[in-house]
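Chain identifiers are assigned alphabetically (A, B, ...) following the order of the sequence lines, protein sequences preceding nucleic acid strands; residue numbering begins at 1 within each chain.
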Amino acid sequence: MPNYWLMKTEPNTFSFDDLKKSPKKTTCWEGVRNYQARNLMRDEIKKGDNVLFYHSNADPPAVVGTAKVVKEAYPDVFQFDPKSKYFDAKAKPEEPRWLMVDIRYDKPFVHPVSLPELREDPRLADMALLRKGNRLSIQPVTPAEWKRILKLGGLASR
DNA sequence: GCCAACGTTGGC
DNA sequence: GCCAACGTTGGC
């Protein structure tokens, strides 16, 4: 069974539209520099898993569509690039610290589901995203939450 | 191993 | 731009 995840990105940096315009509508998800998120990629995120694409620092913040994991965790090459903002001097090629996965554009929501809408829905009250102080950039989503959010977004769930 | 200082995230 | 919450760093 595929699992469900939510991935955050600032649309100013990389938006859902940017993903759509990427070659093969696919991108590597570089720049995750948090151990908890890294461990999720390393241990749990599998090819074929489903992703809610979330725009943070947006007006309003919202889930805007879905994506699919098309490649499982492999070393994030930007950790070795001194010119990259994601460079990590302590990472060595023979012992990478940071990982990334590849995701592919799937479906845009008919109606983006904003953060206030998510908060309003009692069925989503336990969502990790809505917990106070939550900053994790990749987080698990339950099947029930997935189904509900797709419905709110105007997509029939599969 | 504690914890203060610092940097970052992200909603508002 | 503000600031609360959180993760990481580094001195001790």
Side-chain angles (χ1 to χ4, degrees), chain A residues 3-22 27-45 49-67 69 72-103 105-142 144-146 148-155:
Chain A
N3 284 313
Y4 302 102
W5 309 98
L6 178 142
M7 293 190 184
K8 293 181 190 173
T9 172
E10 303 195 13
N12 293 335
T13 307
F14 190 85
S15 69
F16 196 48
D17 218 41
D18 292 331
L19 178 59
K20 187 180 184 179
K21 288 186 228 151
S22 299
T27 190
C28 55
W29 204 250
E30 81 275 10
V32 174
R33 295 292 179 270
N34 169 287
Y35 288 105
Q36 215 182 326
R38 180 203 68 183
N39 295 347
L40 283 176
M41 289 196 283
R42 184 189 61 198
D43 303 331
E44 315 245 4
I45 300 184
D49 281 359
N50 301 292
V51 175
L52 292 174
F53 201 98
Y54 178 80
H55 281 170
S56 63
N57 261 320
D59 189 21
V63 180
V64 293
T66 64
V69 176
E72 293 178 13
Y74 61 105
D76 179 335
V77 295
F78 296 90
Q79 67 192 306
F80 309 125
D81 178 0
K83 292 193 292 291
S84 168
K85 66 184 270 202
Y86 299 124
F87 177 63
D88 183 342
K90 292 178 186 163
K92 300 197 177 73
E94 62 274 17
E95 207 178 330
R97 268 191 167 193
W98 305 112
L99 304 172
M100 58 186 177
V101 297
D102 287 358
I103 63 166
Y105 185 89
D106 190 15
K107 292 181 181 159
F109 278 4
V110 180
H111 316 288
V113 184
S114 70
L115 186 58
E117 287 175 90
L118 294 169
R119 287 198 192 285
E120 254 171 41
D121 193 324
R123 298 160 79 171
L124 300 174
D126 294 332
M127 257 190 99
L129 180 72
L130 305 182
R131 284 205 272 276
K132 190 174 182 179
N134 164 70
R135 289 169 31 181
L136 198 58
S137 63
I138 301 178
Q139 32 185 279
V141 172
T142 67
E145 289 163 354
W146 172 270
R148 183 65 184 155
I149 292 170
L150 254 63
K151 186 164 187 192
L152 292 174
L155 298 184

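In terms of position on DNA chain C, the residue among R97(A) and N57(A) whose nearest nucleotide sits closer to the 5' end is N57(A).
The interatomic distance linking L136(A) (CG) with dT9(B) (C1') rounds to 11 Å, in whole Å. Atom CZ in R131(A) sits about 15 Å away from atom P in dG10(B), given to the nearest Å. Taking atom CG of N12(A) as the reference point, atom C1' of dT9(B) lies 14 Å away to the nearest angstrom. Straight-line distance from the CG atom of L6(A) to the P atom of dG10(B): 11 Å, rounded to whole Å. Note: NZ (K132(A)) to P (dA5(C)) measures 4 Å, nearest angstrom. When the P atom of dA5(C) is taken as reference, atom CG of L130(A) falls 16 Å away, rounded to whole Å. The interatomic distance linking E10(A) (CD) with dG11(B) (C1') rounds to 11 Å, in whole Å. In this structure, D88(A) atom CG and dG7(C) atom P are separated by 18 Å, rounded to whole Å.
Across dA5(C), dT8(C), dG10(B), the shortest atom-to-atom separation from the side chain of Y35(A) is found for dT8(C). In the set dG7(C), dT8(C), dA5(C), the nucleotide with an atom closest to the side chain of Q36(A) is dG7(C). In this structure, of dG7(C), dG10(C), dG10(B), it is dG10(C) that holds the atom nearest to the side chain of K90(A).
At a cut-off of 3.5 Å, with distance as the only test, no side-chain donor of W146(A) or N50(A) sits close to an acceptor on the other residue.
Partners of F53(A) according to the ring pair (Phe, Tyr, Trp, His ring centres under 6.0 Å) rule, which considers only residues two or more places apart in sequence or in another chain, are F16(A), W29(A), H55(A).
Judged as a salt bridge (charged side-chain N to carboxylate O under 4.0 Å, His left out), the pairs with a partner in residues 109-133 of chain A (not counting sequence neighbours) are, in order, D121(A)-R148(A).
Taking every heavy atom of both residues into account, L40(A) and I138(A) meet most closely at CD1-O, 3.4 Å.
Between K8(A) and dG10(B), a side-chain N or O to OP1/OP2 separation shorter than 4.0 Å is present.
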